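Report on the structure given below.
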Amino acid sequence: MKSSKVEAAINQQINEELASAHTYLAMAGVADRLGLPGFCNWFKMQYREELAHADKFFNFLLERDGEVQLAAIPKPEVKNPTPLGLFEDALAHEQHVSECIFKLKDLARAESDHATDVFLEWFITEQVEEEANTRAVIDQLRMVEGNKNGLFLIDRELAGRQPESGE
Ligand code: MG
């Protein structure tokens, strides 16, 4: 790659995406244990999306003649195993990932790496969507405030989430 700093940062981002996938898979497991199969489905779809993000960065590195260097993925911790806690933590996580992408974009610009700069635009748009989708579920969960009937309906809605086309 043109810039070894950008190459290292993309490798780090691959790790961030894989760590995200790992966290969402752990959350899917917790959701199932809470008796919420729809929540479990939503987090599994999210897990698959994160794997697809890691794959996009991986393929981009190869296209740019970069070297892939994978690192260890930390053990995921589900700190708040409640329906609302899972989504609040997911939103905080997505905000963290957005910050990582913004920093990566700043670096690409500083290094005059125009190809990476343009490549990252897709991820910035994607992060806006990820945060909005997660926030929408938080809003619904706050509206029902733990009411079981409301939770049942939200779970049914989340059960309908399908894999993204082009994944
Ligand atoms: Mg991602």
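Small disclaimer: the values here were computed from a predicted structure and weren't measured. Both ligands and their constituent atoms are indexed starting at 1 by order of listing. The analysis underlying the following values was restricted to heavy atoms, covering all of them including side chains, and did not include hydrogens, waters or symmetry mates.
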Next item on the list: Determine, for Glu131 against Arg135, whether the closest basic-nitrogen to carboxylate-oxygen distance falls under 4.0 angstrom.
Entry: yes
Note to self: Are there over 12 heavy-atom neighbours, none belonging to Asp65, within less than 6.0 Å of that residue's CG?
What the structure shows: no
Margin query: Tell me which pairs pass ring-ring contact (aromatic ring centres under 6.0 Å, His included) where either residue lies in residues 54-86, with sequence neighbours left out.
Written below: Phe57-Phe119, Phe57-Phe123, Phe60-Phe119
Check: Can you name the nearest heavy-atom pair linking Asn41 to Gly160, along with the distance?
Finding: ND2-N, 4.3 Å
Next item on the list: Answer yes if the side chains of Gln13 and His53 hold a donor-acceptor pair under 3.5 Å, and no otherwise.
Entry: no
Check: Would a distance-only check, ignoring hydrogens and angles, find a side-chain to backbone donor-acceptor pair under 3.5 Å from Lys2 to Ser112?
Finding: yes
Check: How many protein N, O or S atoms are found at a distance of less than 2.8 Å from the Mg ion (ligand 1)?
Finding: 3
